[in-house]
J.: 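This structure is in structure tokens; I'll ask about it shortly.
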Protein chains: 2
Amino acid sequence: MPRIKTCVEAIYEGVGRVNSRIPGLPVSEVLLVRLLMLTAGALLREFEDKLKPYGLNDSDFRTLMMLYSSEDGTGTPGELCLLADQKPTNMTRIANALAKRDLISRSHATHDRRQVVLRITPAGRRFVAKMLPPMFPSLVESFACFSAAERKTFERLLKKLALHIDPLVDPDATS
Amino acid sequence: MPRIKTCVEAIYEGVGRVNSRIPGLPVSEVLLVRLLMLTAGALLREFEDKLKPYGLNDSDFRTLMMLYSSEDGTGTPGELCLLADQKPTNMTRIANALAKRDLISRSHATHDRRQVVLRITPAGRRFVAKMLPPMFPSLVESFACFSAAERKTFERLLKKLALHIDPLVDPDATS
DNA sequence: GCCTGATATTTCACCAGCGAACTATTAGCC
DNA sequence: GGCTAATAGTTCGCTGGTGAAATATCAGGC
């Protein structure tokens with residue numbers, strides 16, 4: 001009994017009926033935004049199921065990966081908030097969780113003692129190197145329905161959309 | 001200082017560096033899934049900002065809209081869970097919240113007394129008719145970067161992806 | 001009619017994430 | 001040097017969402 005298919009059908013039918021009652025509904029946009037959120041939510045759940053055995057959620061994982069992939073393996077909470085799309089409050093919790101498992105270390109910056117420097121530990125690097133490869137197959141499978149061309153197109157459109165809504169979300173932005 | 005742009009760049013750079021350390025990384029898939037989640041998250045935040053003045057979050061809103069757009073304005077919690085992609089636990093909370101504001105009513109089904117029937121009230125219909133149109137412009141603006149053709153393509157690919165991952169998310173599904 | 005198992009919903013205890021307020025430090029200005 | 005404003009992190013209290021257990025009802029075999 002497929003969950004997502006039911007939702008997709010409900011979205012299309014619902015939008016159709018709403019449109020007949022409230023003219024002016026931007027049908028195309030509603031469909032896009034609902035499909036986008038539904039799909040992203042499903043992929044997130046699937047991914048976090050895979051992460052669960054390692055005791056991580058997606059935010060923790062993203063933060064760890066940002067440190068793993070940074071030039072020198074370090075970053076301040078503020079930087080990581082920008083890179084991993086997090087709020088400072090949550091970054092504190094994430095850093096606590098990762099530090100408690102010795103995947104990262106905490107220290108103070110010398111030039112600005114307000115800043116905290118998070119650094120991925122050797123154990124953290126080993127952890128990433130070990131847990132990452134097993135996640136590849138299901139990720140590949142998720143997008144197996146796309147041809148190479150479709151993948152490229154989808155990526156291009158997603159990127160375009162992401163950059164377009166950027167200033168809309170944060171109104172006082174000066175690109 | 002754009003948030004999303006920074007994230008997009010971080011994703012591309014991060015994936016590049018991770019790939020040079022852990023060969024075999026499915027680069028294309030990682031980019032797609034990260035862009036998808038990032039974009040959906042941004043759109044969700046933007047949308048919930050618009051909903052906040054009405055005292056709703058997206059889950060409440062989706063549930064209310066499913067009742068609004070249903071044939072007879074009714075539905076059971078179980079049905080709504082399927083249609084609105086929610087867990088039963090949360091649907092109880094949503095129904096409580098909507099019922100407290102008299103946007104929906106609760107009653108028992110006669111043929112199966114286990115079931116609860118939720119029904120959108122006249123006040124609920126008026127509420128939807130009033131709060132929906134003001135949300136159209138920003139939704140249209142969000143997708144204004146797409147041509148009609150791009151919109152169609154994006155919708156087609158999203159739908160294809162959503163239906164493809166459906167059985168993957170829920171393994172014991174029998175389409 | 002009664003027992004067994006399945007189904008619909010709710011309750012409970014918990015986790016993740018958020019805004020607002022707080023602390024510590026820095027930078028600018030006189 | 002000392003006052004003010006800005007910045008980096010953290011703490012706190014709250015909301016939204018979840019899994020597991022509890023409750024109530026139904027369906028089937030006997």
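Throughout, a chain's letter reflects where its sequence line sits, starting with A, and its residues are numbered from 1. Remember, predicted model here, so these are calculated numbers, not experimental data.
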J.: Walk along DNA chain C from 5' to 3' and tell me the first and last nucleotide with an atom closer than 4.0 Å to a non-hydrogen atom of chain B.
T.: C:dA6 to C:dC12

J.: Expressed as a whole number of angstroms, how long is the span from A:Lys87:NZ to D:dC14:C1'?
T.: 16 Å

J.: Answer yes or no: is there a side-chain heavy-atom contact under 4.5 Å between B:Leu158 and B:Leu36?
T.: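 When only atoms from C-beta onward are counted, B:Leu36 and B:Leu158 do touch, with a gap below 4.5 Å.
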
J.: Hey, can you pull the residues of residues 92-120 of chain A with a non-hydrogen atom under 4.0 angstrom from DNA chain C?
T.: A:Arg93, A:Asp112, A:Arg113, A:Arg114

J.: What I'd like to find out is whether the side chain of A:Met131 reaches to under 4.5 Å of the side chain of A:Leu51, using heavy atoms alone.
T.: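 The answer is yes, as the side chains (C-beta and beyond) meet within the 4.5 Å cut-off.
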
J.: Any side-chain heavy-atom pair from B:Glu9 and B:Tyr12 closer than 4.5 angstrom?
T.: no

J.: Treating Ile, Leu, Val, Met, Phe, Trp and Tyr as nodes and any side-chain heavy-atom pair under 4.5 angstrom as an edge, say whether A:Ile11 and A:Val18 lie in one connected cluster.
T.: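 Yes.
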
J.: Separation of A:Glu48 atom CD from D:dG17 atom P, in whole Å?
T.: 14 Å

J.: Taking the side chain as C-beta and beyond, is there a heavy-atom pair between A:Arg62 and A:Leu80 under 4.5 Å?
T.: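 SC-SC contact between A:Arg62 and A:Leu80 ruled out.
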
J.: Taking atom types as modelled, find out whether B:Asn90 and B:Arg93 have a side-chain donor-acceptor pair closer than 3.5 angstrom.
T.: yes

J.: To the nearest 10°, give me the bend of the helix from C:dG1-D:dC30 to C:dC30-D:dG1, comparing the axes of its five terminal pairs at either end.
T.: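 That helix has its two terminal axes inclined by roughly 10°.
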
J.: Can you tell me if A:Thr89 touches the phosphate of D:dT11, counting only side-chain N or O atoms and a distance under 4.0 Å to OP1 or OP2?
T.: no

J.: Measure the distance from CG on A:Asn90 to P on D:dT10 and round it to the nearest whole Å.
T.: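 Rounded to the whole Å, the gap is 12 Å.
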
J.: Nearest heavy atom decides the nucleotide; on that basis, is B:Pro88 or A:Gln86 closer to the 5' end of DNA chain C?
T.: B:Pro88

J.: If I take atom CG in residue B:Asp49 and atom C1' in nucleotide D:dT15, what distance separates them, rounded to the nearest angstrom?
T.: 15 Å

J.: Suppose we screen for ring-ring contact (aromatic ring centres under 6.0 Å, His included). Which residues come up paired with A:Phe146, at least two apart in sequence or across chains?
T.: A:Phe154

J.: Answer with yes or no after comparing the ring centroid distance for A:Phe61 and A:Phe47 against a 6.0 Å cut-off, counting only values under it.
T.: yes

J.: A:Asn57 has an atom CG; how far is it from atom C1' of D:dG17, in whole Å?
T.: 13 Å

J.: Extract all donor-acceptor atom pairs below 3.5 Å that involve side chains of residues 132-143 of chain B and protein atoms in other chains or at least two apart in sequence.
T.:
from, atom 1, to, atom 2, distance (Å)
B:Ser142, OG, B:Glu46, OE1, 3.4
B:Ser142, OG, B:Ser138, O, 3.0

J.: Are any of the side-chain heavy atoms of B:Arg156 and A:Glu150 separated by less than 4.5 Å?
T.: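 A side-chain contact under 4.5 Å exists here.
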
J.: Rounded to the Å, how far apart are A:Met91 CE and D:dT11 C1'?
T.: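 Checked: the CE to C1' distance equals 17 Å.
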
J.: Holding to salt bridge (charged side-chain N to carboxylate O under 4.0 Å, His left out), I want the full list of residues that pass it with A:Arg125, two or more places apart in sequence or in another chain.
T.: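 A:Arg125 satisfies salt bridge (charged side-chain N to carboxylate O under 4.0 Å, His left out) with no residue once adjacent residues are dropped.
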
